[in-house]
Amino acid sequence: MFAPVVLLVIWLVSWLVDSSSNDDKTPRGLKIESPILPDVSIDIGLLGQQDVTEVVVELAERFQQTPVEIVTPSRVVSFTAEEIGLGVDVEGTVAAIMKLDSGTSNPVGWTASFFETSRSELLLTLSADALQIANLEADLRKEPVNPTITNENGTFLAVPGIAGEIVDLNPSLPLLLEAARRGHDPLRAEADALLVPPEFDDDPVTIAADWINRRTSQGILVTVQEVTKRVQPAQLRSWLTLQNNGDQWAYDINRQQVEDDLAELFVEVATVASEPVLTIIDDVPVLVSEVPALICCEENSARTVLLSLDTGQPAVELELRESSKINDQSWLIERGIVELTGRFTTYYTPGQDRVSNIHRIADLIQGAVVYPGETFSVNDYVGERTEEKGFVDAGVIYDGIYTTDVGGGISQFITTLFTATFNAGMEFPEYQAHSIDIRRYREGVDATISWPKPDFKFYNPHPYAVLLWPTTTAGSVTVSVYSTAYAEVEWTARYDTPRRFCTVRTTERSRSYADGTVLRDSVTALYQPREGINCGGTCTSSVLPLDADGDGVAELDDRGLPVACILPRNCIGDHAPVDVNEDLRPDLCSIPPATEEEGEPGEADAQEPATEDAPVQDPDAPPGQRQALDPEQAPEQST
């Protein structure tokens with residue numbers, strides 16, 4: 001009997017203590033749920049008013065971003081609940097929750113609260129005032145669109161007008177509130193709208209489009225410099241612009257479009273402008289003048305075409321006009337041709353035939369412009385050296401032997417160009433050095449040329465164009481390179497290495513750029529031991545070793561090289577070329593060679609003889625030093 005009494009006392013005491021301590025809190029097991037946020041179910045049991053308020057505020061902020069759709073007769077416009085004034089009544093919701101009866105006023109109800117749950121909903125409100133509603137209606141307002149004419153695939157089409165809409169939201173907002181309370185997804189309400197017709201009818205627009213299509217249906221014949229072409233209807237219509245004054249339509253013409261299209265249509269009758277005429281004044285490139293181009297067509301061409309449409313004429317005749325694109329000094333500045341970036345000079349004896357060839361090729365290349373990323377080829381630019389182009393017969397080196405050919409001597413110019421562009425930081429995808437070491441090119445940066453090979457090419461790696469400006473005097477040729485200084489070039493080393501009986505001369509340089517980058521590269525030249533002898537120590541294929549005493553063995557010097565290599569045509573007299581190996585090819589020349597004055601090198605290997613009395617650069621001069629020999633002060637050179 002004692003135990004049940006004790007349990008009853010404990011139960012009653014627990015009820016009294018719990019009820020009194022939770023008297024100002026929400027009922028145990030209470031959850032907040034609402035159709036407007038179907039994924040929300042939050043336990044707010046035994047929370048005080050402040051905690052409940054925080055939960056409701058968070059849910060209210062979330063509801064503000066709920067999408068709301070207003071449907072008008074022509075479209076669906078999206079808003080958020082906040083934008084239309086639809087929201088959660090935070091104070092009302094919290095007050096309603098805190099007033100809920102917990103059912104714990106008696107111990108039986110208190111005990112049941114541990115096993116039961118209850119639910120509370122969010123209270124919604126519509127708070128949009130008159131100003132907010134007016135702004136929303138302004139956003140929903142749709143202005144009427146008048147009928148117009150458009151060009152579709154070369155044909156003018158009448159586009160009907162579109163009615164406008166004036167929306168009244170007042171009947172729609174309560175419907176949205178009710179839809180939210182019911183948990184509709186999406187929240188949508190239809191709005192009443194008053195239709196506003198366009199200002200003009202469709203008929204005048206349709207009539208205007210049909211008329212202009214008929215007027216242009218055959219295009220128009222255009223004659224320029226006795227050349228006649230038809231401008232097709234679609235292109236003619238692309239020149240026209242249509243404007244309306246009320247329901248009356250008129251057309252005009254796009255002058256720039258007419259000029260551009262006619263220039264392209266009659267490109268073959270236009271004359272090309274000459275390249276800008278350049279000169280150098282005080283080492284600064286200067287643009288002198290140019291002959292402007294004549295292009296189609298005269299400035300009133302557009303009006304002439306328009307007049308033909310007005311009068312229904314099917315053809316017009318137009319004249320050419322001078323292009324307005326005249327080059328000035330900005331032509332050079334835009335291309336970066338503003339200063340000297342490389343130069344080299346070599347010297348020769350005046351009056352030689354080879355000098356005439358050097359002057360001629362210098363004249364042909366003067367003014368050549370090499371743009372960024374381009375490769376300049378002398379053979380491509382000048383072409384084959386012929387008498388018709390002003391070249392003459394002069395000394396060359398073929399297969400390591402001095403001879404003559406048309407254009408001989410221009411290898412001196414090629415070497416001068418090589419060194420000038422080397423100093424300017426250019427790169428060299430194709431070049432070939434002379435086969436014989438010529439003292440005027442002591443530094444090993446030398447090159448030869450022939451037709452069609454070998455060629456001399458250089459590549460412009462800089463972001464600025466390069467202008468080549470060779471000049472000549474009676475005793476020298478200078479190649480100057482003009483551009484924008486982009487890299488600082490320094491000759492860093494020069495050295496020789498043996499290759500059997502030949503010598504490989506290497507010249508190294510560095511190119512330093514503003515960003516700190518330093519590039520190092522080199523050029524090389526392979527020189528034979530002397531005229532007519534290859535790196536293997538034997539005579540080249542076009543000459544015969546000398547057998548002075550007729551014993552069938554070539555005469556050799558202390559190095560084991562042939563004493564002399566003789567051209568077959570010079571192997572004459574008492575003896576003739578001898579086929580020692582019996583291979584049907586002569587192997588030796590059994591008599592001394594005819595004495596013959598050495599000529600200057602020219603085209604082909606374009607090597608030049610290193611005569612004892614020719615001006616010679618100091619072998620100890622710093623790498624890259626400009627030739628500074630004065631031919632008038634040097635001993636007379638041989639021709």
Side-chain angles (χ1 to χ4, degrees), residues 273-292 325-348 350 355-378 380-382 389-390 409-428 445 447 456-489 511 624-632:
S274 69
E275 285 295 318
V277 178
L278 305 176
T279 190
I280 303 296
I281 299 178
D282 296 331
D283 252 349
V284 176
V286 176
L287 189 146
V288 179
S289 64
E290 71 165 2
V291 177
K325 297 180 179 179
I326 303 298
N327 293 321
D328 53 23
Q329 195 66 17
S330 63
W331 187 93
L332 293 167
I333 296 172
E334 289 170 359
R335 289 157 178 78
I337 305 174
V338 296
E339 60 184 328
L340 180 70
T341 58
R343 173 174 285 164
F344 196 70
T345 299
T346 57
Y347 297 94
Y348 42 70
V355 172
S356 174
N357 291 330
I358 293 172
H359 287 199
R360 180 59 182 146
I361 195 170
D363 290 342
L364 291 174
I365 290 181
Q366 187 182 80
V369 176
V370 185
Y371 289 91
E374 288 187 348
T375 296
F376 179 81
S377 161
V378 174
D380 289 347
Y381 193 84
V382 176
K389 291 182 178 179
I410 65 170
S411 286
Q412 178 169 347
F413 173 82
I414 299 302
T415 294
T416 311
L417 173 64
F418 189 6
T419 310
T421 51
F422 188 79
N423 290 336
M426 300 295 101
E427 298 176 356
F428 306 94
V445 183
F456 174 75
K457 298 179 180 180
F458 73 84
Y459 169 76
N460 179 6
H462 295 169
Y464 305 102
V466 166
L467 170 66
L468 301 180
W469 199 262
T471 55
T472 58
T473 67
S476 68
V477 57
T478 298
V479 175
S480 300
V481 180
Y482 294 91
S483 184
T484 295
Y486 190 66
E488 182 179 343
V489 179
R511 288 174 290 168
Q625 177 173 305
R626 176 180 181 273
Q627 294 274 359
L629 299 175
D630 184 344
E632 296 181 359

Side chains of S476 and T345, donor plus acceptor under 3.5 Å: no
Heavy-atom side-chain proximity of Y371 to R335 below 4.5 angstrom: yes
Out of [options], which residue meets the side chain to side chain contact (heavy atoms under 4.5 Å, CB included) rule with [X]?
| X | options | answer |
| --- | --- | --- |
| T484 | I333, I337, V338 | V338 |
| F418 | F344, F456, F413 | F456 |
| Y482 | L278, D283, V369 | D283 |

Would you find a donor on one side and an acceptor on the other, under 3.5 Å apart, between the side chain of [X] and the backbone of [Y]?
| X | Y | answer |
| --- | --- | --- |
| R511 | G425 | yes |
| Q412 | V477 | no |
| N460 | V370 | yes |
| K389 | I361 | no |
| H462 | A487 | no |
| T415 | A447 | yes |

I358 to G409 - nearest heavy-atom pair and separation: CG1-O, 3.4 Å
Which atom of Y464 lies closest to which atom of G336, heavy atoms considered: CD2-CA, 3.8 Å
Criterion side-chain contact (heavy atoms from CB on, under 4.5 Å) on V466 and M426, from CA distance to verdict: CA-CA 10 Å; V466 166; M426 300 295 101; 3.9 Å; yes
Candidate pair V481 and L468, rule side-chain contact (heavy atoms from CB on, under 4.5 Å), full reasoning: CA-CA 5 Å; V481 180; L468 301 180; 4.2 Å; yes
Could you tell me the separation between the [atom1] atom of [X] and the [atom2] atom of [Y], rounded to the nearest 0.5 Å?
| X | Y | atom1 | atom2 | result |
| --- | --- | --- | --- | --- |
| L417 | I365 | CG | CD1 | 6.0 Å |
| Y348 | T416 | OH | OG1 | 9.0 Å |
| L467 | S483 | CG | OG | 9.0 Å |
| N423 | T341 | CG | OG1 | 9.5 Å |

Over 12 foreign heavy atoms within 6.0 Å of CZ, F428: yes
Heavy-atom neighbours of E339 CD exceed 12 at 6.0 Å: yes
Partners meeting side-chain contact (heavy atoms from CB on, under 4.5 Å) with Y459 (sequence neighbours left out): T375, E427, P429, P461
Any residue meeting side-chain contact (heavy atoms from CB on, under 4.5 Å) with T471, in chain and number order, not counting sequence neighbours: Q366, W469, T478
CA sep, side-chain torsions, deciding dist, call: S480, L340, side-chain contact (heavy atoms from CB on, under 4.5 Å): CA-CA 7 Å; S480 300; L340 180 70; 3.8 Å; yes
Partner residues of D363 under the side chain to side chain donor-acceptor pair (under 3.5 Å) criterion, sequence neighbours left out: none
